[in-house]
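Throughout, a chain's letter reflects where its sequence line sits, starting with A, and its residues are numbered from 1. If you're wondering where the values come from, they're calculated on a predicted model, not measured in any experiment. Just the heavy atoms: all of them, side chains too, but no hydrogens, waters or symmetry mates, feed the values below.
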There are 2 protein chains.
Amino acid sequence: MTRTADGRKSTAGTGIAKGRVVRTDAERNIGALLTAAKAVFARSGVDAPVREIAEEAGLGVGTVYRHFPQRSDLIAAVSRQEIATCAYAAETLAAKYKPGEALARWLQRYVDLIAAKRGLAAALHSGDPAYNQLPAYFDERLRPALHELFAAAVADGNVRADVDADELLSAVGSLAMSPGDKGLARARRMVALLVDGLRFGATLPAS
Amino acid sequence: MTRTADGRKSTAGTGIAKGRVVRTDAERNIGALLTAAKAVFARSGVDAPVREIAEEAGLGVGTVYRHFPQRSDLIAAVSRQEIATCAYAAETLAAKYKPGEALARWLQRYVDLIAAKRGLAAALHSGDPAYNQLPAYFDERLRPALHELFAAAVADGNVRADVDADELLSAVGSLAMSPGDKGLARARRMVALLVDGLRFGATLPAS
DNA sequence: ACCTGAACACCGTTCAAGT
DNA sequence: ACCTGAACACCGTTCAAGT
């Protein structure tokens, strides 16, 4: 949320039509719904009953439909928030750790994001227009975050320069996505190996 | 369906408990349900109402639940049938075309299978026990089919020998899986390129 | 043994009434 | 302008009655 020139709230970045003015109670309800939906999606999956989300937020079902006419709108909004949080974590980690370790920790954080969103993969391929802008938002937020961490690690001499950051990101994404079962632990190990390779690896085979 | 020693029908390969004896009308209904489900899944997706499938088969909803207590049982049964059909296509193609072309055509047939099953990918990762044996069945049926086509094509001098057939299969699978939109045409072109590479490619970079 | 379909429970969605 | 929740439609699932 940002504020308009006259001090009232706008809905920039929430997926709601730009320029609309939102009443204070509505604003608070939208926040409550996002928090509730995140918890319910984590507990019961993205197909959880709308009533469960409304109850978790302490609101009527009608309020859910007012702000998020389609279930996919709510899913997309929660996803945007989680993407933004993950991007913000890059700054936090960069401030707290040395460049090489900040990069390593953020990549593991990224594994969490993708692993949690595995159920979303099918939705993204569904053609629902609500998801149209999501990959773009994903790129827009996460790629710059990674590139900054990456450049810092290279400058610090902790990471070799002959690796493409975008390729690294999609490789980590694939690892986090693939196996349904005990995939998270496996993905973590694989990503750790990759990071070691970034530090100690020899020259890559020419593509 | 196969027959037991006394000439009655058994349910081997249908996913129904082994050794059970099935009345003639029940046997016919199971077939009708599989045919109907395949059509309805293709038309309305795997989440189509059970009533729609029952109606398409000209049967009551209770009959669907009698033979397939869970929706996933029906999906799994249809999938097994489609896998078996695709495996059988390998024999047909091998008989009709020269080895190199048989391989190329079968790989395109495989693209159809995977593309049609894209909606199933999420289901496979759902942990539903009904799908547990499906990947195994997939391997058991499709890998031998491919290996035979592949070996014949290599023996015929149409395909170089320094390619791993399983790797080829999973690469084609990934291509057929990835893009939600006009992915089928794109996958076809990519697979065609792969096949050309099998024929005319230079030495692969050492892994 | 098997089939049918009415009956029940549950969920998505709307909208009149209230604030 | 927004919120509530009863009401309606629709779908999954069961089970008593029929064959």
Tabulate below the donor-acceptor pairs under 3.5 Å that side-chain atoms of residues 142-149 of chain A make, not counting sequence neighbours, or state none.
from   : atom 1 : to     : atom 2 : distance (Å)
A:R143 : NE     : A:D166 : OD1    : 3.1
A:R143 : NH2    : A:D166 : OD2    : 3.2
A:H147 : NE2    : A:D166 : OD1    : 2.9

Any B:L103 side-chain heavy atom under 4.5 Å of B:P99 side chain: no
Interatomic distance where CZ belongs to A:R66 and C1' belongs to D:dC2 [whole Å]: 5 Å
Side-chain N or O of B:H67 closer than 4.0 Å to phosphate OP1/OP2 of C:dC2: no
Summary of protein contacts for nucleotides 12-19 of chain C, nucleotide by nucleotide, where a base hit scores B, a sugar-phosphate-only hit scores S (4.0 Å, heavy atoms): BBB-----
With A:D139 via salt bridge (charged side-chain N to carboxylate O under 4.0 Å, His left out) - residues at least two apart: none
C:dC3 OP1/OP2 closer than 4.0 Å to side-chain N/O of B:N29: yes
Pairs meeting criterion salt bridge (Lys or Arg N to Asp or Glu O under 4.0 Å) with involvement of residues 83-101 of chain B, two or more places apart: B:E101-B:R105
Residue list, salt bridge (charged side-chain N to carboxylate O under 4.0 Å, His left out) with B:D25, at least two apart or on another chain: B:R23
Rounded interatomic separation in angstrom, taking CZ from A:R28 and P from D:dC2: 13 Å
Only distances under 3.5 Å count here; give the side-chain donor-acceptor pairs of residues 38-57 of chain A to other protein atoms, sequence neighbours excluded, each with its distance to 0.1 Å.
from  : atom 1 : to    : atom 2 : distance (Å)
A:R43 : NH1    : A:E52 : OE2    : 2.8
A:R43 : NH2    : A:E56 : OE1    : 2.6
A:S44 : OG     : A:E52 : OE2    : 3.0

Pairing string, 5' to 3', for DNA chain D - Watson-Crick or wobble contacts under 3.5 Å, brackets [ ] where pairs cross, | to another strand: ||.|||||...|||||.||
Distance, rounded to the nearest Å, where B:E52 contributes CD and D:dC10 contributes P: 14 Å
Side chain to side chain donor-acceptor pair (under 3.5 Å) partners for B:T63, two or more places apart: none
Side chain to side chain contact (heavy atoms under 4.5 Å, CB included) partners for A:A84, two or more places apart: A:Y137, A:R141
